[in-house]
Structure formats: C-alpha cells, structure tokens
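So that the names make sense, note that chain A is the first sequence line, chain B the second, and so on, each numbered from 1.
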2 protein chains.
Amino acid sequence: MKEEFYTLKGYKIKNEETLSSSMEDYIEMIFRLSKDGKEVRVRELSQALNVQPPSTTKMIRRLAREGYVFYEKYGCINLTEKGEKLGSKLLDRHKTIFEFLKSIGVEKNILEQTEIMEHAVNDEVLSRIKKLTEFLKKCHQNNDRNNGEN
Amino acid sequence: MKEEFYTLKGYKIKNEETLSSSMEDYIEMIFRLSKDGKEVRVRELSQALNVQPPSTTKMIRRLAREGYVFYEKYGCINLTEKGEKLGSKLLDRHKTIFEFLKSIGVEKNILEQTEIMEHAVNDEVLSRIKKLTEFLKKCHQNNDRNNGEN
DNA sequence: TTTAAGAGTTAGCTTTAGCTAACATTCTAA
DNA sequence: TTAGAATGTTAGCTAAAGCTAACTCTTAAA
C-alpha cells in the first residue's frame with residue numbers, strides 16, 4: 001500500500017463518494033437556517049451564501065436528485081432525514097474547527113479560515129482535533145488559574 | 001467589518017490573488033523533484049502527481065505565464081526565483097501539517113490528509129499550528145520520560 | 001541516416017460551480 | 001381582480017483542471 005501524491009482535484013476524483021465542498025456548504029447553511037422551524041427559500045439561502053439565485057436553484061436540484069432535500073419548483077427547501085443528519089454533522093464539524101482555531105490563538109479571519117478548513121478534515125482528523133481542543137482548553141484554564149494567583 | 005459566509009469557491013473568488021490548489025501542487029512537486037539538481041520533465045512530473053501529460057503541459061504553460069517557471073516546448077522545467085521561493089515555502093507548509101497530524105495521533109491516510117489540509121491554512125494558522133506542534137512534542141517527551149521511570 | 005519508440009503537444013471533450021440576461025411565477029396592495 | 005414587485009427558473013456563458021485521441025518532436029539504435 002504505497003503512498004502516492006495526487007493533486008487536490010486528484011484526491012477528489014479518487015474519493016468520488018464524498019460530496020463536493022459546495023454541496024456541503026449549501027447543506028450546512030440550509031441546516032443553520034431551518035434550525036428553529038423557519039422555512040428556507042432560494043433567495044434567503046442565496047443571500048446567506050453570497051451567491052446568485054440561479055446558482056442556488058441549480059445546486060438545490062442536485063441536492064434533491066441525490067436525496068438530501070425535498071424541493072419542488074417555487075417551493076420551500078426542506079432537508080430529508082439524510083440531509084438533516086448530514087447538516088447536523090457539518091455544523092458540528094464547523095464548530096469544532098472554529099473552537100480549535102480560537103484555542104490556538106488565531107485572530108484574523110477566523111470564520112473564513114474555518115469555512116475553508118472544515119472541508120479539509122476527515123473524521124479521524126476531526127475527532128483528534130476535538131480532543132486536542134479540549135486538552136488545550138484545560139491547559140489555558142490552569143494557566144489562567146496560576147496567573148490569577150499572582 | 002461584518003463577517004459573512006461564502007461557499008469555498010466564493011472565498012477563492014474573493015481572494016483572487018492566491019494561487020489555486022493545483023498550481024500549488026505542481027510547484028511543490030517541481031521543487032521536490034528538482035531539489036538535488038535533477039532535471040524535471042513533463043513525463044516525470046505527470047507521474048509524480050498522477051495526472052496525464054497533457055494536464056501537466058497545460059499547467060506548466062500557465063505557471064510560465066505567471067512567472068513561476070521557465071519553460072520552452074519539449075524542454076526542461078525550471079523554477080524561477082519566485083517559483084523556487086514559493087516551492088520552498090510550500091514544502092515547508094507540507095511538513096508542518098504532516099508533523100502536526102502525526103503529533104495529534106492521526107494514523108490513517110496521513111499523506112492524503114496532509115495534501116488536502118495544506119491548501120486550507122493561511123500563514124497565521126500555519127504558524128500557530130507550528131508552535132502548537134512543538135508544544136505537543138514537548139508534552140510527549142515529558143510523558144515518555146515519566147512513563148520511562150516506572 | 002533513417003525509423004520507431006518515447007516524450008510532449010494540440011484540439012476538443014467533461015464536470016463543477018459560479019455568473020448574467022431574459023423569462024416565468026407568485027404575491028401583495030391598490 | 002389585476003398590475004407590478006419580488007422571487008424563482010432557464011438558457012447559455014466562463015474558468016479551472018482534469019481527460020482521451022491524434023498529432024508532432026526528439027532521440028537512440030540498427
């Protein structure tokens with residue numbers, strides 16, 4: 001099992017079962033927007049993601065075709081159970097990366113960096129980062145306590 | 001300065017000065033292959049990156065156009081000073097991410113994960129991760145020492 | 001010195017995910 | 001109840017980065 005190099009696109013082609021980063025972005029945002037029972041529509045989703053409505057229409061049709069959302073023309077966008085499950089996982093991943101970046105002291109463009117990095121970690125890396133962040137937080141608490149004593 | 005969401009592609013369009021992931025992959029690999037004075041050719045580069053030769057030809061012309069390599073048809077590929085500098089930085093980034101993933105205990109597909117993640121970190125995140133990895137290594141050493149005493 | 005193999009290039013295709021312009025539908029308010 | 005605003009869709013464009021097929025160069029061996 002020799003390890004070989006690929007371009008980033010090469011890895012995507014190799015792991016063809018995985019969703020594209022864009023699909024993930026849309027699903028994560030639909031999940032966010034629909035969390036407290038609100039209805040999600042093309043316009044709102046487009047604005048939230050800073051894309052034009054036709055891009056959203058196109059992507060929604062794709063997500064519907066692949067079973068992540070229910071959608072019919074001019075209607076509301078609803079996640080299927082599969083989409084819901086994934087959305088929740090993606091939002092979780094987002095939060096994990098965000099907390100990690102905060103805990104290591106990143107200050108500039110944290111949201112942007114989170115959005116970019118979240119697509120680049122697989123489950124194993126994510127769970128390692130989660131544990132690491134908990135550990136770092138404990139370290140910080142100890143430090144704070146010790147400094148507080150002075 | 002409100003923070004807004006974009007799709008991954010949206011961030012790429014926003015930060016248009018940055019190179020594409022593919023460009024980075026090619027430059028990093030040319031740097032690797034040419035390190036000990038060896039000549040780099042289309043075939044070798046293609047094989048190293050697992051792409052077909054026409055893809056390499058196309059990318060090399062682009063890299064030449066943008067001042068990262070010297071190239072003329074049927075010739076060897078040579079990094080310019082700008083390309084050399086970038087290649088060295090990219091290889092460094094690669095190593096930093098690789099070491100980080102190792103230090104947090106990632107075991108499966110480390111190379112692949114490195115190759116994917118390295119495109120997703122900016123300078124600030126990278127330098128934070130570098131410091132963090134040094135810190136973690138010290139922790140490991142202390143642990144090992146303590147365990148060694150038993 | 002010629003020819004065949006190997007290396008590199010060109011042309012043209014694909015997919016993804018954006019975009020605009022133009023059209024269609026739905027909703028709201030007069 | 002109908003007109004216009006708001007929303008959504010369609011068609012068709014772009015760029016990036018891959019691919020194959022077919023062609024052209026270069027080189028090495030007979």
- Task: Give the angle between the helix axes at the two ends of the helix from C:dT1-D:dA30 to C:dA30-D:dT1, taking five base pairs at each end and rounding to 10°.
- Result: 10°
Spacing between [X] atom [atom1] and [N] atom [atom2], to the nearest angstrom:
X       : N      : atom1 : atom2 : value
A:Lys9  : C:dT16 : NZ    : C1'   : 8 Å
B:Arg65 : D:dA16 : CZ    : C1'   : 11 Å
A:Glu24 : C:dA17 : CD    : P     : 11 Å
B:Ile60 : C:dA7  : CD1   : P     : 17 Å
B:Gln47 : C:dG6  : CD    : P     : 13 Å
A:Met59 : C:dC19 : CE    : P     : 12 Å
B:Ile13 : C:dT20 : CD1   : C1'   : 14 Å
A:Leu45 : C:dA17 : CG    : P     : 14 Å

- Message: If I compare all heavy atoms of A:Asn50 with all of B:Phe5, which pair ends up nearest, and what's the gap?
- Response: ND2-O, 2.8 Å
- Message: On a heavy-atom basis, which atom in B:Val40 and which in B:Glu44 lie closest, and how many Å separate them?
- Response: CA-OE1, 3.7 Å
- To the nearest 0.5 Å, tell me how far A:Met29 CE sits from A:Thr56 OG1. 10.5 Å
Please enumerate all protein N or O atoms sitting under 3.5 Å from an N or O of nucleotides 8-11 of chain D, with distances to 0.1 Å.
{"from": "D:dG8", "atom 1": "OP1", "to": "A:Arg41", "atom 2": "NH1", "distance (Å)": "3.1"}
{"from": "D:dG8", "atom 1": "OP2", "to": "A:Arg43", "atom 2": "N", "distance (Å)": "2.6"}
{"from": "D:dG8", "atom 1": "O3'", "to": "A:Tyr71", "atom 2": "OH", "distance (Å)": "3.4"}
{"from": "D:dT9", "atom 1": "OP1", "to": "A:Tyr71", "atom 2": "OH", "distance (Å)": "2.7"}
{"from": "D:dT9", "atom 1": "OP1", "to": "A:Tyr74", "atom 2": "N", "distance (Å)": "3.2"}
{"from": "D:dT9", "atom 1": "OP2", "to": "A:Thr57", "atom 2": "OG1", "distance (Å)": "2.7"}
{"from": "D:dT9", "atom 1": "OP2", "to": "A:Tyr71", "atom 2": "OH", "distance (Å)": "3.2"}
{"from": "D:dT10", "atom 1": "OP1", "to": "A:Lys73", "atom 2": "NZ", "distance (Å)": "2.9"}

- Apply side-chain contact (heavy atoms from CB on, under 4.5 Å) to B:Lys131 and B:Leu136, showing your working. CA-CA 9 Å; B:Lys131 275 184 202 138; B:Leu136 292 176; over 6 Å; no
- Message: Could you tell me if B:Glu112 and A:Asn122 have a donor-acceptor pair between their side chains, going purely by distance under 3.5 Å?
- Response: no
- Query: Any side-chain donor paired with an acceptor under 3.5 Å for A:Glu124 and B:Asn109?
  - Reply: no
- Message: Students often get this wrong, so: under 4.0 angstrom with heavy atoms, is B:Tyr6 touching a base, only sugar-phosphate, or nothing?
- Response: nothing
- So what does A:Ser55 touch, heavy atoms closer than 4.0 Å: a base, only the sugar-phosphate, or nothing? base
- If only atom types and distance count, is the side chain of B:Ser88 paired as donor or acceptor with the main-chain N or O of B:Glu84 below 3.5 Å? no
- Using atom types as modelled and distance alone, determine if a side-chain donor or acceptor of B:Thr80 lies under 3.5 Å from a backbone N or O of B:Gly67. yes
Is the shortest side-chain N/O distance from [X] to OP1 or OP2 of [N] below 4.0 Å?
X       : N      : value
B:Tyr26 : D:dG18 : yes
B:Ser22 : D:dG18 : yes
A:Thr7  : D:dG18 : yes
B:Arg62 : D:dA17 : yes

- Do any pairs count as a salt bridge (charged side-chain N to carboxylate O under 4.0 Å, His left out) and have a residue in residues 20-33 of chain A, sequence neighbours left out, and if so which ones? A:Glu24-A:Arg93, A:Glu28-A:Arg32
